[in-house]
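All remarks here apply to the structure that follows.
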Amino acid sequence: MEALKLPHIEQYLTACVQCGYCISVCEAHRQTPWESDTPRGKIYYLNQINVAGPLDKPLGRVASLNPYFVDAMYKCTGCGNCEAVCHANIPLVELWETVRTWMVKNGVGPLSAHKGMGEKVGKVHNPYGGDQAHRGDWWPAEVPKYDQPDVIFFAGCTGSFRQQQIPQTGVRVLNRAGVKMNILGADEWCCSSPLLRTGDTTHSLECAERIVEKADGMGAKDMVMTCSGCYKTISTDFGTYYAKVGQNVYHFTQYVNNLIKTRKLPLLQPFNHKVTYHDPCHLGRHMGVYEEPREILKAIKGIEFVEMDRNRANSRCCGAGGGYKSQFNNFAVRIAADRIRDAEKTGAEILVTACPFCVTNLSQGAKAINSKIKVMDIGEILLQITAPAEEPKEAPAATEPAKERIQA
Ligand code: SF4
Ligand code: SF4
């Protein structure tokens with residue numbers, strides 16, 4: 001059999017000292033007992049593929065792209081906790097994505113759940129198969145749209161088709177600060193995060209091209225998004241395989257924190273609850289946005305803010321990323337349940353986060369263990385506490401889980 005040629009990752013394989021510090025932080029590995037599912041195990045196996053040679057046959061040694069290895073490579077949420085602790089500073093998230101892309105090119109990936117997402121993005125430009133003509137229907141009628149906006153609000157596929165309340169609360173909050181917004185609507189194609197994370201990059205370039213071209217045509221200065229996956233993809237990945245958008249790209253928490261600090265968004269109501277905050281991996285570990293959501297929460301009168309033991313760079317993943325939830329939903333919900341237990345230990349009533357995927361999976365994790373803790377997106381709290389006194393206040397409510405599982 002012809003030896004497999006790996007992509008340019010040899011330096012990373014060589015750098016791994018097999019210390020195993022990455023193992024205990026890998027939530028995906030905790031769901032299965034196999035060393036081959038650990039970050040170290042994957043690197044070990046890749047090394048065996050790399051050194052394959054003529055002695056393999058007499059030794060009866062076969063290191064190939066077999067189904068077990070492929071499965072192990074996809075048993076990963078892309079959370080980056082392994083990278084955060086790696087002794088040898090190996091860029092492990094990039095490594096996993098590079099290997100998955102290579103596997104897809106070699107015809108052994110992605111997994112069954114991921115294939116449908118890629119096909120739908122190719123056909124209708126979103127992984128849910130939603131009607132793009134109605135993509136912008138989530139926009140709240142009372143919020144004005146501007147022909148010459150300052151901000152393009154990027155809802156993302158999940159915000160547009162599944163968790164519409166998250167972008168809705170987002171634009172309602174920004175509108176209270178007088179931000180002039182518009183959306184790309186039918187021209188808002190998938191940011192391609194699900195494709196990049198699972199290695200199926202067939203349609204990622206056309207998605208980036210469309211978004212960059214249409215966004216630049218709107219003349220806005222900034223782009224704001226409530227989805228942490230879209231934020232990472234548009235602000236960093238676009239620049240690596242296509243081009244950056246012409247706008248300054250902000251996650252909603254960054255933009256709002258600035259509005260609060262510059263006194264453009266008054267916090268009018270108290271929020272008398274004990275809350276803790278879950279760092280979405282794509283926002284925290286991947287993009288370094290740790291403080292802005294905390295600064296917002298700490299600025300709200302009445303909030304008693306408590307940290308979980310695992311926070312910031314050591315935050316436990318919610319289990320939804322990297323195409324893991326699409327393919328291994330039971331494991332993903334179990335990881336989320338562990339994160340809910342982390343939150344329960346603090347005595348918090350509410351677990352706040354800042355990503356629709358985390359909201360979905362954590363809500364399902366809470367339900368799975370009958371937890372009383374409420375899971376809320378940070379925008380939901382902001383909508384309540386920026387309401388003028390005469391407007392009726394909305395009670396905090398757990399967000400409904402999404403109907404379909406797609407994550408990256
Ligand atoms: S990115 Fe997260 S899930 Fe994937 S191997 Fe690293 S620690 Fe495990
Ligand atoms: S922490 Fe880094 S160097 Fe150590 S085993 Fe894991 S990948 Fe290798």
Side-chain angles (χ1 to χ4, degrees), residues 6 9-50 68-101 103 109-111 114 193-194 196-199 228-229 232 236-237 278-287 310-336 338-339 342 355 357-358 361 365 407-408:
L6 285 171
I9 56 171
E10 199 168 24
Q11 56 185 320
Y12 303 136
L13 305 185
T14 311
C16 176
V17 293
Q18 295 283 306
C19 63
Y21 288 163
C22 50
I23 295 175
S24 65
V25 298
C26 180
E27 296 306 315
H29 161 60
R30 278 162 58 86
Q31 306 309 311
T32 56
W34 311 113
E35 163 75 16
S36 51
D37 290 343
T38 67
R40 178 175 74 176
K42 288 168 193 166
I43 289 188
Y44 185 86
Y45 195 88
L46 284 163
N47 253 319
Q48 300 314 303
I49 292 177
N50 199 34
Y68 299 106
F69 172 69
V70 174
D71 186 73
M73 282 309 303
Y74 281 100
K75 282 203 173 119
C76 165
T77 66
C79 71
N81 214 343
C82 50
E83 183 173 323
V85 300
C86 178
H87 225 46
N89 294 322
I90 303 170
L92 289 163
V93 173
E94 184 192 316
L95 175 63
W96 308 140
E97 289 179 7
T98 303
V99 173
R100 289 175 186 185
T101 307
M103 293 195 316
L111 300 185
H114 310 139
S193 178
L196 300 176
R197 312 303 159 222
T198 56
S228 295
K232 183 201 168 170
T236 64
D237 292 298
H278 166 75
D279 293 274
C281 300
H282 282 131
L283 188 62
R285 260 191 299 273
H286 291 205
M287 296 299 295
R310 288 184 64 176
N311 62 70
R312 297 181 173 83
N314 190 35
S315 179
R316 190 198 298 269
C317 172
C318 81
Y324 187 76
K325 185 169 174 63
S326 326
Q327 187 73 31
F328 307 107
N329 185 52
N330 290 348
F331 291 157
V333 174
R334 271 164 44 179
I335 294 173
D338 283 343
R339 190 56 169 158
D342 289 345
C355 177
F357 291 115
C358 298
N361 205 37
Q407 165 61 340

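Every value quoted in this text rests on a predicted model; they were computed, and no experiment measured them. Counting starts at 1 for both ligands and their atoms, following the listed order.
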Heavy-atom side-chain proximity of Thr98 to Tyr12 below 4.5 angstrom: no

Nearest-contact summary for atom 2 (Fe) of ligand 2 - protein heavy atom, Å: Cys86 SG, 2.4 Å

Atoms of ligand 2, numbered as shown, that sit under 4.0 Å from any heavy atom of Gly20: 4 (Fe), 5 (S)

Shortest protein heavy-atom distance from atom 8 (Fe) of ligand 2, along with the residue and atom involved: Cys16 SG, 2.3 Å

Pairwise ring pair (Phe, Tyr, Trp, His ring centres under 6.0 Å) hits with a residue in residues 19-49, at least two apart: Tyr21-His87, Tyr45-Phe69

Contact atoms of ligand 2, heavy-atom distance to Gln18 under 4.0 Å: 5 (S), 8 (Fe)

Metal environment of atom 2 (Fe) of ligand 1, protein N/O/S under 2.8 Å: Cys79 SG

Leu6 CG to Asn47 CG distance, which is reported to the nearest 0.5 Å: 8.5 Å

Atoms in ligand 2 flagged as close to Cys19, the criterion being non-hydrogen separation under 4.0 Å: 1 (S), 3 (S), 4 (Fe), 5 (S)

Any Leu92 side-chain heavy atom under 4.5 Å of Cys86 side chain: yes

Aromatic ring proximity, centroids under 6.0 angstrom, His282 and Phe357: no

Nearest-0.5 Å distance that lies between atom CG in Asp37 and atom CZ in Arg30: 14.0 Å

Distance (rounded to the nearest 0.5 Å) between Asn314 CG and Arg285 CZ: 7.5 Å

Contact with ligand 1 for Trp96, non-hydrogen, under 4.0 angstrom: yes

Contact check, side chains of Asp71 and Phe328, non-hydrogen atoms, under 4.5 Å: yes

Validation row: Asn81, Glu27 side chains within 4.5 angstrom (heavy atoms): no

Gln11/Ile90 under side chain to side chain contact (heavy atoms under 4.5 Å, CB included): CA gap, chis, key distance, verdict: CA-CA 9 Å; Gln11 56 185 320; Ile90 303 170; over 6 Å; no

Nearest neighbour in protein (non-hydrogen) for atom 6 (Fe) of ligand 2: Cys22 SG, 2.4 Å

Shortest protein heavy-atom distance from atom 7 (S) of ligand 2, along with the residue and atom involved: Ile43 CD1, 3.8 Å

Atoms of ligand 2 close to His87 [distance to a heavy atom under 4.0 angstrom, numbered from 1]: 1 (S), 2 (Fe)

Member of Arg339, Arg310, Arg316 meeting the side-chain hydrogen bond (donor to acceptor under 3.5 Å, both in side chains) criterion with His278: Arg339

For atom 3 (S) of ligand 2, the protein heavy atom that lies nearest, with its residue and separation: Val17 N, 3.4 Å

